[in-house]
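Since the structure comes first, as structure tokens, the remarks are kept for the end.
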Amino acid sequence: MKITQIETIFVDRYLFVQVHTDEGITGLGESGAWGYLEASAAAVETFKRYLIGQDPLRIEHHWQYLYRWSHFRGAAIMGALSAIDIALWDIAGKYFGVPCYQLLGGKTRDKVRVYYHVFGDTKEKLIEGCKQAKALGFTAVGHLTPFLDESRDVPYFKTHVDKMQDAIETVGRYREAVGKDVDLCIEIHRRLTPAEAIVLARGIEPYQPFFYEDPILPDSFDAMALVAEKIHIPIATGERLHTIYEFEALLKRGAVQYVRPDVCMAGGLTHCKKIAALAEAHHVGVVPHNPLSPVSTAACVQLAACIPNFALQEYPIGENEPPKSEIVKSALKLENGFLIVPDVPGIGIELAEDAAEKYPYRPREVKTRLHVDGSVVDQ
Ligand SMILES: [Mg+2]
């Protein structure tokens, strides 16, 4: 079998890669490069010059070749490599007539626990989202900020004491809204300094969040380790990391209790299986990052289905509503807060034929929030 063509397909907010073969088998993958999808598509074009004519089943070899042939890496390139890797696994599954997890060691579970996305620019909306998640049968809510998902046009300002006390009280209200039936995955979106992150974590500890995600900018593993050492809530981080080397540096510092590799950014199924094994050696759980399309969700489920230390899967908002539900032919089955592991060959999902015409590409606006003093804040 040989690779004959590779297509990049922009749909809505997503970039898909389809790899075609001379046996008529097509594999599907997605890049998680988020704000840099055009650059990621350009990297796929570069990789194509090597891949056309190759045997698609030599997945690890192609991964190594593309990662190591030239000097530079980073999100756009790793998003491209991840998309190709997922597509090659999809081809391999279809070629052998089995789901990808079967080729990656076999099933470790039958269904995959997910967390529901909660989003809101008022506390009432966020609390309502928590209640809605419980009513829909989800056992965990995430993307759940103790601050607000406010407009980036509104300059930010709060005193330290107000910022801390308000956030602590808000997490208390989330807990009150769902009781013990739903886990709270508190997402800080890198808004705090290490000093603030420690104060807030101590304040919300009585509400027993499942994890505390990206409390600070993720760039310094030492700073993340300092926060982890001083708090009693598990830290979840790693959505921006690309390689086993970065994850190992984070893990060996004890800076993380739940790693968050993105299958569409950290080297696809090939590399994320290795990241999961590194985490396993540290007794750390895996919560795959997934703010993307149902294609990414399907790839995440293949990983969750074959690793022992899977903890929870991010399940983005609107997965069952257009445009997301119409981008694919049929989405995975969700039952009481768990995705059912599919038994079809490959990653178990196909792009709808009219997806690109129906939902043209919408590039992300380059925009961030400013403080009242004019400086950049994270949100
Ligand atoms: Mg996150």
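Whatever order the structure lists ligands and atoms in, that order sets their numbers, starting from 1. Just so it is clear, the structure is predicted and the values come from calculations on it, not from any experiment.
- With contacts defined as side-chain heavy-atom distances shorter than 4.5 Å, the pair Met224/Pro215 qualifies.
- For the Mg ion (ligand 1), protein N/O/S neighbours under 2.8 Å (waters excluded) are Glu187 OE2, Glu213 OE2, Glu239 OE1.
- The stretch residues 249-299 participates, sequence neighbours left out, in these ring pair (Phe, Tyr, Trp, His ring centres under 6.0 Å) pairs: Trp63-His271, Phe210-Tyr258, Phe211-Tyr258.
- Within the structure, every pair that satisfies the ring pair (Phe, Tyr, Trp, His ring centres under 6.0 Å) test and touches residues 144-186, not counting sequence neighbours, is listed here: Phe157-His371.
- The ring of His62 has its center no closer than 6.0 angstrom to the ring center of Phe47.
- The main-chain N or O of Ser296 is never found under 3.5 Å from a side-chain atom of Asn290 such that the two would form a donor-acceptor pair.
- The hydrophobic cluster containing Leu15 also includes Phe10, Leu37, Tyr361, under a criterion of side-chain heavy atoms closer than 4.5 Å among ILVMFWY residues, counted directly or through chains of members.
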